[in-house]
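For reference, the structure discussed in these notes is given below.
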Amino acid sequence: MSDWWSSIQKGATDAAETTKLVSMRTKLQAEVMYIESQIRGALQKFGTDVFPHMENNNSAQVQQHFTETKREVDNYREQIAAKNAEIADLNKQVENVGKDPAAPGAGGLGMSNIG
């Protein structure tokens, strides 16, 4: 009887852990989507800001706007890369829920690795 009850408890614990990890992953995915929209906004603003300078053949202003926008977009891309790395880590953790950390392929990942 205790094996049956332990099995039910482990299943509930594993389900709760999986739910937590999946919700964390979903939050990160939403953050990535938001940052991608920030990139689109920055690029649209760049076009709007630069067009008059291109019409007037003012290459110095075009270059300045390009440099500022590129810096901003590169920063956003770094944030996306970091969040994608976190998502990949969470995916590994989801795959290993319920596995013995010492088992081959489990990677020793568990709730203690979530920051």
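Predicted model only: the values in this text are computed from it and were never measured.
- In this structure, CD in Q64 is found 9.5 Å from CG in N58, a value given to the nearest 0.5 Å.
- Listed by chain and number, the residues in a side-chain hydrogen bond (donor to acceptor under 3.5 Å, both in side chains) with T67 are Q63 (sequence neighbours excluded).
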Expected list for residues 81-88: side-chain donor-acceptor pairs under 3.5 angstrom, two or more places apart:
| unit_1 | atom_1 | unit_2 | atom_2 | d |
| --- | --- | --- | --- | --- |
| K83 | NZ | E31 | OE1 | 2.7 |
| N84 | ND2 | I80 | O | 3.4 |

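- Grouped with V50 in one hydrophobic cluster are F46, M54, V62, F66, the linkage being side-chain heavy-atom contacts under 4.5 Å among Ile, Leu, Val, Met, Phe, Trp and Tyr residues.
- Residues that satisfy the side chain to side chain contact (heavy atoms under 4.5 Å, CB included) test with V94, not counting sequence neighbours, are T18, L21, V22.
- Between Q44 atom CD and I39 atom CD1 the span is 12.5 Å, to the nearest 0.5 Å.
- T13 meets the side chain to side chain contact (heavy atoms under 4.5 Å, CB included) test with no other residue; sequence neighbours excluded.
- Atom CG of residue D14 and atom CD of residue Q9 lie 11.5 Å apart, to the nearest 0.5 angstrom.
- L28 CG to M33 CE: the interatomic distance, rounded to the nearest 0.5 Å, is 13.0 Å.
- Closest non-hydrogen pair, V73 versus A42, comes out as CG2-CB, 4.3 Å.
- Checked against side chain to side chain contact (heavy atoms under 4.5 Å, CB included), T19 has no partners two or more places apart in sequence or in another chain.
- Pairs engaging residues 59-71 under the salt bridge (charged side-chain N to carboxylate O under 4.0 Å, His left out) rule: K70-D74 [sequence neighbours left out].
- With a 4.5 Å cut-off on side-chain heavy atoms, V32 and E36 count as touching.
- In this structure, CG on N56 lies 10.5 Å from CD on Q61, to the nearest 0.5 angstrom.
- By the side-chain hydrogen bond (donor to acceptor under 3.5 Å, both in side chains) test, N75 pairs with no residue at all, sequence neighbours left out.
- Take S37 and apply the side chain to side chain contact (heavy atoms under 4.5 Å, CB included) test, not counting sequence neighbours, and it matches Y34, R40.
- The line from OG1 of T69 to CD of E72 is 6.0 Å long, rounded to the nearest 0.5 Å.
- Using modelled atom types, one finds a donor on one side chain and an acceptor on the other under 3.5 Å when comparing Q93 with D89.
- Applying the salt bridge (charged side-chain N to carboxylate O under 4.0 Å, His left out) definition to pairs two or more places apart or across chains, those involving residues 46-55 are K45-D49.
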